[in-house]
> 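This structure is in structure tokens; I'll ask about it shortly.
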Amino acid sequence: MSIIDELIDKAMRRHIFKNREILRPDYIPDTLPHRENEIKRLAEILLPAIRGERPSNIFIYGLTGTGKTAVTKYVLRKLYEKARIKGLDNFTYAYINCRHTDTPYRVFAELASKVNVRVPFTGIATSEVFKRFLRGLDKMNKVMIIVLDEIDFLVRKHGDDVLYKLTRANEMLENSKVSLIGITNDINFVETLDPRIRSSLGEEELVFPPYDSLQLEDILRQRAKEAFNPDAIDSGVIELCAALAAREHGDARRALDLLRIAGEIAEREGASKVTVEHVYRARDELEKNRVEELLKTLPLHAKLVLLSITVQTMKNKYTTTGETYTYYTELAKNIGIEKLTQRRISDLINELDMLGIVNAKVISRGRYGKTKIITLSINPKLVLSVLSEDPRLAELVNHIRSR
DNA sequence: CTTCCACAGGAACCAGCGGACC
DNA sequence: GGTCCGCTGGTTCCTGTGGAAG
């Protein structure tokens with residue numbers, strides 16, 4: 001093979017992706033497989049908007065990655081386009097993600113901007129922004145469908161006042177109407193709402209069931225066709241991504257992430273196609289990121305407890321509450337902070353257990369008492385490297401490492 | 001059969017803090 | 001601009017307990 005051939009070959013091999021954007025979770029494809037029923041129901045409920053009538057408020061719930069956001073955006077966009085083509089201009093809509101727009105002020109400000117009302121970033125009362133939004137909307141003479149995605153974030157942080165105001169907005173409007181769509185993946189959230197809001201918001205309810213493994217395969221195949229070059233995917237790759245994601249309550253987002261990351265890994269190392277091996281590595285990478293994020297955000301004492309467990313389990317198979325506590329005490333003294341009581345440490349160990357970072361099981365050692373045996377469920381090296389990034393612990397961790 | 005270890009984990013209470021409410 | 005209130009993360013004090021050892 002000539003040098004030129006090799007070069008061309010190499011260049012070709014880098015060509016795994018045709019368009020990786022298509023695998024991003026916020027990309028909305030032209031068709032949404034296995035959500036036909038949901039699309040139909042949602043469209044039926046929203047249809048009156050085209051004629052300028054107010055659709056029922058809707059509450060949508062389902063676990064992460066079940067297509068709630070995609071379906072909602074898809075239906076609204078289609079309806080809007082269709083209405084435009086027919087020369088109807090009776091409704092408008094606003095999509096707000098409450099995780100990003102997480103204060104009542106910003107929610108109202110964003111709504112106001114949708115109805116061409118400009119409000120300052122700050123300086124006026126929240127209720128004033130709301131009033132201006134209503135005035136602006138009323139002038140437009142339209143039905144406005146407001147989508148509040150991840151609505152539980154907003155309510156948890158700032159209460160249900162926003163919802164209360166919005167559900168009652170119609171009483172204050174003369175020419176326009178509003179209709180709400182609330183989306184959440186927290187099933188229990190509904191219970192925490194004021195009954196009046198609940199009944200008003202839940203005029204219609206839509207539940208999105210998780211995808212099963214076969215459905216995930218369809219979704220992945222459809223996207224992969226556009227995202228990857230032909231023959232860039234080995235057999236079994238799609239099936240594996242689907243199976244792994246199905247294990248996590250059928251999360252389509254996770255399935256897409258797996259496929260995307262696997263593709264990126266393959267491309268990075270110049271492979272000619274994505275293999276199952278790449279998928280497993282993608283899973284590990286995703287898992288690693290998750291754990292790193294988790295460890296980073298742990299409070300200081302929890303980090304110290306984790307550090308003691310890590311050090312001890314590197315020496316022995318497992319450790320116990322008592323051992324952990326004595327070692328933790330030393331560590332605390334070492335970096336010059338006040339130690340917590342054993343009672344509290346016991347709880348911290350339980351919390352680490354809940355997070356899946358350690359494994360703690362109560363056992364009785366007869367004569368030698370009752371205790372928890374604690375093992376580490378993640379890679380100890382990873383723990384050390386993440387903890388050493390904490391300036392308060394860096395020195396300590398390095399000292400431990402050097403032994 | 002009893003004892004007794006080494007904790008588990010419940011209950012009550014407390015300090016500090018951010019937000020609601022005059 | 002004080003004060004009241006509920007929440008979080010902590011403490012103190014406590015009773016409970018499975019099973020090896022004696």
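Numbered from 1 within each chain, the chains take letters A, B, ... in sequence-line order. This one's a predicted model, so the numbers in the text were calculated from it and none came from an experiment.
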> For atom CD of A:Glu81, is the number of surrounding heavy atoms from other residues, nucleotides or ligands below 6.0 Å larger than 12?
yes
> Any protein N or O atoms within reach of nucleotides 8-14 of chain C? Criterion: under 3.5 Å, listing atom names and distances.
from: C:dG10; atom 1: OP2; to: A:Arg344; atom 2: NH1; distance (Å): 2.1
from: C:dT11; atom 1: OP1; to: A:Thr341; atom 2: N; distance (Å): 3.3
from: C:dT11; atom 1: OP2; to: A:Thr341; atom 2: N; distance (Å): 3.3
from: C:dT11; atom 1: OP2; to: A:Thr341; atom 2: OG1; distance (Å): 2.9

> With side-chain hydrogen bond (donor to acceptor under 3.5 Å, both in side chains) as the test, would you mind laying out the steps for A:His249 and A:Thr66 before giving the verdict?
CA-CA 9 Å; A:His249 66 255; A:Thr66 48; over 6 Å; no
> Using 4.0 Å as the upper bound for N to carboxylate O, is an ion pair formed by A:Glu264 and A:Arg260?
yes
> The criterion is side chain to side chain donor-acceptor pair (under 3.5 Å); which residues satisfy it with A:Arg99, sequence neighbours excluded?
A:Glu150
> Under a 4.0 Å threshold between the charged nitrogen and the carboxylate oxygen, would A:Asp257 count as salt-bridged to A:Arg253?
no
> By a strict heavy-atom criterion of less than 4.0 Å, which residues belonging to residues 361-373 of chain A are in contact with DNA chain C?
A:Ser364, A:Gly366, A:Arg367, A:Gly369, A:Lys370
> Under 4.0 Å between a side-chain nitrogen and a carboxylate oxygen: does that hold for A:Arg132 and A:Glu128?
yes
> For the pair A:Phe130 and A:Phe133, name the ring-plane relationship: parallel under 30°, tilted 30 to 60°, perpendicular over 60°.
tilted
